[in-house]
Amino acid sequence: MMRIVVVPLLVSLLLATGCATVTEAGYYWGDYSTTLYNFTKNPSEETLAAHEEELHEIIEYSADNSLTVPPGIYAELGYINAKRGDDDKALAYYEAEMQNFPSSRHFLERLVAVNKEAS
């Protein structure tokens, strides 16, 4: 009898939480985990472009709905642009990350310094 009640309850809970697009902390993650998984599992220009597009969509959706962009989104875009050699865009995204999450400043400043030494 207990199984009859618990199983549907768990399934309902999983469906409800699985459909949530904005977390309790107020962050919208969109399809981030799927595009990141696809890029990690099968790295290519296509999967990178899809992931980068998702990052931009998260920023746009967050702005349109007065949400804070989740931590790391700007930094990841900065890293993608730094890998391409577009240092100006990379620095702009790193600055945006530091403004939204001041605790990331030390790490990102160190990352920028290491990139400058390498180039």
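As the structure is a prediction and not an experimental result, all values here were calculated from the model.
Between the side chain of Asn81 and the backbone N or O of Leu77, at least one donor-acceptor pair lies under 3.5 Å. Looking only at distances, a side-chain donor or acceptor of Glu97 sits under 3.5 Å from a matching main-chain atom of Gly72.
The hydrophobic cluster containing Leu111 does not contain Tyr93, counting ILVMFWY residues as joined when their side-chain heavy atoms lie under 4.5 angstrom apart, directly or transitively. Put simply, Leu108 and Val69 are part of two different groups of oily side chains (I, L, V, M, F, W, Y) that touch within less than 4.5 Å, one to the next. There is no path of hydrophobic side-chain contacts, each under 4.5 Å, that joins Ile73 to Phe107. Residues Leu91 and Leu55 do not share a hydrophobic cluster, clusters being chains of Ile/Leu/Val/Met/Phe/Trp/Tyr side chains in contact below 4.5 Å. Tracing side-chain contacts under 4.5 Å through hydrophobic residues (I, L, V, M, F, W, Y), one reaches Val22 starting from Ile59; they form part of the same cluster.
In this structure the side chain of His51 reaches within 4.5 angstrom of the side chain of Glu76, judged on heavy atoms. Taking 4.5 Å as the limit, some side-chain heavy atom of Thr34 sits within range of a side-chain heavy atom of Asn38. The shortest distance between side-chain heavy atoms of Leu48 and Arg84 falls below 4.5 Å.
Expressed to the nearest 0.5 Å, how far OH of Tyr32 lies from CD of Glu57 amounts to 14.5 Å.
Enclosure of atom CD in Glu109 by more than 12 non-hydrogen atoms of other residues, nucleotides or ligands within 6.0 angstrom is indicated. With a 6.0 Å radius and a threshold of 12 heavy atoms from other residues, nucleotides or ligands, Tyr27 has its OH atom above the threshold.
Heavy atoms only, all atoms of each residue included: Trp29 and Pro71 are closest at CH2-O, 3.7 Å. Of all non-hydrogen atoms in Pro70 and Ser62, the two that sit nearest each other are CD-OG, 4.2 Å. Contact record, Ala75 with Tyr94: O-CE2, 3.5 Å, taken as the closest heavy-atom pair.
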